[in-house]
Number of protein chains: 2
Amino acid sequence: MIVLNGNLSEIEVIIGEEPSLSQAGGVKVDRLDAIRSHLYANGFSTIQALADAIGASLATVRRDLQVLESEGVIDRVHGGARIAEGSSVELAFQERAKRHLSAKRAIATAAYDLLAPRTAIFLDAGTTVLQLARLIRLNPMPLRIFTNGLTVAQEFLNIPNLEVVLLGGQLRSENASLVGPQAEAMLESIWFDQLFLGASAISPDGAIYSVDSAEASLNKCMLSRSAHRFVLADSSKFGTMATYKVAPLSASKVITDAGLSTHWRGELAGLGVDVTIADLGGRE
Amino acid sequence: MIVLNGNLSEIEVIIGEEPSLSQAGGVKVDRLDAIRSHLYANGFSTIQALADAIGASLATVRRDLQVLESEGVIDRVHGGARIAEGSSVELAFQERAKRHLSAKRAIATAAYDLLAPRTAIFLDAGTTVLQLARLIRLNPMPLRIFTNGLTVAQEFLNIPNLEVVLLGGQLRSENASLVGPQAEAMLESIWFDQLFLGASAISPDGAIYSVDSAEASLNKCMLSRSAHRFVLADSSKFGTMATYKVAPLSASKVITDAGLSTHWRGELAGLGVDVTIADLGGRE
DNA sequence: ATGATTTTGATCTATTCTGATCTAATCGCG
DNA sequence: CGCGATTAGATCAGAATAGATCAAAATCAT
């Protein structure tokens, strides 16, 4: 029986039955490991140095480096290669952050106008809320900020007059958020003036949904710990569904963009939900 | 004896005695790093001085400065260039991470060899421990990892078979760590097999010291929650002082590099501390 | 064993990088 | 304000590096 654990090269090794695999010279997997090892030990290396160290030609080393680069393990630069720095980690997340970017920025700007100095706010780990975080970094004001988002917290490094508290908990790679019972327990001892919550989806009957169970559970806790609740969701989210229900919109105010259909405007008015439509041109 | 007082740039200047850092191997990325370092150390430098220090022509230095200016890390003025105001603290961490890098990587490699699959470990927020984190990312094994370091957690995004738990608490910008009573409270409910702790300084009488009060307090909690304790400190840390005492070394094992003086080897042996000397060439 | 596929290494071409020289802009000083 | 001196920017040839192509070698499936 073969156990797959997500590592493709290991799978190949397990299935392959060559007894001569211990040979270090000619096998591609060994070469890739050797390159990674060499680059880690030296930080940076020219292609020539790698070729000498490994005993392969320049062309082969280049091809190997292409593979490693596509895996995100290394960074290739003119003149050689180096171990990838931590920054280029979340590809899917960054892609998601770019979708409907102008709408998200408009929404973030509208949300920023709601902030008051020296208050306590909570920022969710969503991509729309991240834009709000970016805006606060560029236009700082004294705030006490709570968040469960790694990227959100990162925005606030070295910004003066900000007290930033990150929730502890299990790291969820999909959106670099912290979730789980530890995060929820920590929330229980915190109270804040404003909550800015993103949403994976807003169901046709006007409820917030999330793609993740733990995230949804944590979102519920957030909602119960804030004096004012704002849901930041671009208009494309309305009328879509996700797996886990968080809460009805009725207890929150909504900030969205001008793309919201007249049907939904009426719907939200019928639910008694306060809606702010962010104007895309409304930048200061 | 060197007293560390929390001013990072002073630490760099005082301890910095390596001539090897300013040597660029003729490759662009090395030069950019060298310029960053030189400018960080001196605050301002003329183009001629940079060209002399790095060993490149004036034209090349100018072009490099253009790149760095577009990245926003420096400001160019007539006659030379200076570090951009905003990013000096951020650079301090990177500079610190690069100092004694080969020693730190050797230490990290020795620490990695101590890991066993499916155990629970805690990784401190120091720069040496960050190298261990990077090693785990490049060479993953199933682990339950706890940390209070934002950059450490970032390393583990999208790595399969890792359960990563980040301590909650107040964000400390200097080294992107989470500290404070909330972090300590969360530690109280966690127990792990191995702790890997960095150290700002190891005092002449063999005690761990830290530059930050909250960090020191948290470190004490960490030490009390682990079955095995490993202090990762390159040899330059021994015989230096910082402001806040964490704990004596006696209850921990030490991993350091071959630069440790014979005096200190004897000293540690006298204290009954188990010492591992990481060999810089000791790769698989 | 044999043919097909993949991998490797050498050669050639294209791109990028470097350093020198020349021209334009800026600074210091009377 | 103008002048000399210094510094910045532009251009270009030479060098180094990356990418593309192709034949030989190794590997794999039948």
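Chain identifiers are assigned alphabetically (A, B, ...) following the order of the sequence lines, protein sequences preceding nucleic acid strands; residue numbering begins at 1 within each chain. The analysis underlying the following values was restricted to heavy atoms, covering all of them including side chains, and did not include hydrogens, waters or symmetry mates.
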Which part of the nucleic acid, if any, lies within reach of B:Leu58 when heavy atoms closer than 4.0 Å are counted: base, sugar-phosphate only, or nothing? nothing
What is the separation between atom CG on A:Asp30 and atom C1' on D:dA26, rounded to the nearest whole Å? 16 Å
Side chain of B:Lys104, backbone of B:Gln131: donor and acceptor closer than 3.5 Å? no
Flag, side chain of B:Thr128 to backbone of B:Ala233, donor-acceptor distance under 3.5 Å: no
Verify the distance criterion only: is there a donor paired with an acceptor across the side chains of B:Asp257 and B:Ser235 at less than 3.5 Å? yes
Return the value, rounded to whole Å, for the distance between atom CD1 of A:Ile47 and atom P of C:dT8. 15 Å
B:Asp75 atom CG is separated from D:dA8 atom C1', nearest whole Å, by 17 Å
Distance in angstrom units between B:Gln48 CD and C:dG19 C1', rounded: 13 Å
Rounded to the nearest angstrom, tell me the gap between atom CZ in A:Arg63 and atom C1' in D:dG19. 11 Å
Touch check for B:Arg62, heavy atoms < 4.0 angstrom, all strands: base, sugar-phosphate only, or nothing? base
Stacked cation flag B:Arg134 on A:Tyr40, 6.0 angstrom / 45 deg: no
Ignoring backbone atoms, establish whether B:Ser57 has a side-chain N or O less than 4.0 Å from OP1 or OP2 of C:dT18. no
Choose from C:dG19, C:dT16, C:dA10 the nucleotide whose nearest atom is closest to any side-chain atom of B:Ala59. C:dG19
Rounding to a whole Å, what distance do you find between B:Leu65:CG and C:dG19:P? 14 Å
Using modelled atom types and a 3.5 Å cut-off, is there a donor and acceptor pairing between side-chain atoms of A:Asn148 and backbone atoms of A:Leu178? yes
Taking the side chain of A:Gln66 as heavy atoms from C-beta outward, which of C:dA20, D:dG19, C:dC27 is closest to it? D:dG19
Rounded to the nearest angstrom, tell me the gap between atom NE2 in B:His78 and atom C1' in D:dT7. 4 Å
So B:Val77, base contact, sugar-phosphate only, or nothing? Heavy-atom distance under 4.0 Å. sugar-phosphate
Please check the phosphate of C:dT18 (OP1 and OP2 only) for any side-chain N or O of B:Arg31 closer than 4.0 Å. yes
A:Asp64 CG to C:dT8 P, in whole Å, measures 7 Å
Which nucleotide, C:dA10, C:dT18, D:dG9, lies nearest any side-chain atom of B:Arg76? D:dG9
